[in-house]
Amino acid sequence: MIDPPAPAYITLDDNTTGTRQRYTYTRIVRSGDRRIRVRIERDTYRAQSSATAEVLSEHLTWTHLVSEDPSSWHQTTPPGHWSVNCSHELADLAERLLIRATTVLNG
């Protein structure tokens with residue numbers, strides 16, 4: 001199976017946070033006239049981790065589009081620590097979610 005080409009989008013905001021037990025990465029992009037937000041939370045415990053992509057509705061609320069089960073990515077990312085480069089560690093996962101989200105939106 002051939003991967004679809006990466007969609008064209010512009011990053012509007014990019015934010016990371018981190019503690020000893022958890023780190024997060026949030027990215028908002030514009031794809032055409034839509035805004036898509038990717039939120040990834042990597043906790044020490046897989047069950048408390050999540051990765052989702054949402055679209056901003058016309059009512060200015062975020063609507064869930066796609067998610068990725070932590071069992072597919074949690075073990076490949078390092079545990080939380082102050083020195084973790086959150087955007088680097090979670091960038092590939094965020095990109096996969098953005099591609100899937102734009103594929104859903106563009107049908």
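All residue numbers in this chain count up from 1 along the given sequence.
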### Summary
Closest non-hydrogen contact found for T102 with S31 is CG2-OG, 3.7 Å
#### Entry: Least distance between heavy atoms, A101 atom then A53 atom
CB-CB, 3.9 Å
### Message
Looking at every non-hydrogen atom in both residues, tell me the closest pair between S49 and D43 and how far apart they are.
### Response
OG-N, 2.8 Å
### Task
Could you check if a side-chain atom of R39 sits within less than 4.5 angstrom of a side-chain atom of S50, using non-hydrogen atoms only?
no
### Partner set under side-chain hydrogen bond (donor to acceptor under 3.5 Å, both in side chains) for T24, not counting sequence neighbours
T17
### Task
Find out if a path of hydrophobic residues (ILVMFWY) with successive side-chain heavy-atom gaps under 4.5 Å connects L56 to L105.
no
### Task
For H64, look at atom NE2 and say whether over 12 heavy atoms of other residues, nucleotides or ligands are found less than 6.0 Å away.
yes
### Message
Are W62 and L12 connected into the same hydrophobic cluster when the rule is that any two of I, L, V, M, F, W, Y join if their side-chain heavy atoms are below 4.5 Å apart?
### Response
yes
### Query
Atom CZ in R96, atom CD1 in I40: separation rounded to 0.5 Å?
8.5 Å
#### Entry: Verdict with reasoning, R42 to E89, per salt bridge (Lys or Arg N to Asp or Glu O under 4.0 Å)
CA-CA 10 Å; R42 201 289 186 189; E89 294 299 336; over 6 Å; no
### Task
Indicate if V84 and W73 have the same hydrophobic cluster label, given that clusters are the connected sets of ILVMFWY residues with side-chain heavy-atom separations under 4.5 angstrom.
yes
### Task
Measure the CZ-CD distance between R34 and E58 for me, rounded to the nearest 0.5 Å.
11.0 Å
### Query
Counting heavy atoms not belonging to Q48, are there more than 12 under 6.0 Å from its CD?
yes
### Message
Measuring only between side-chain heavy atoms, which start at C-beta, is I36 closer than 4.5 Å to Y9?
### Response
no
#### Entry: Value rounded to 0.5 Å, distance of CZ in R27 from CG in N15
13.0 Å
### Task
Starting at SG of C86, measure out to CD of E41 and round the result to the nearest 0.5 Å.
11.5 Å
### Message
Rounded at 0.5 Å granularity, tell me how far CG in L93 sits from CD in E95.
### Response
10.5 Å
### Message
Do V66 and L97 make a side-chain contact, defined as non-hydrogen atoms from C-beta onward lying under 4.5 Å apart?
### Response
yes
### Task
May I ask whether I28 and V55 are part of the same hydrophobic cluster, defined by side-chain heavy atoms of I, L, V, M, F, W, Y residues being less than 4.5 angstrom apart, directly or through others?
no
### Heavy-atom side-chain contact between Y23 and L90 under 4.5 Å
yes
### Query
Which value, rounded to the nearest 0.5 Å, describes the distance between R37 atom CZ and L65 atom CG?
11.0 Å
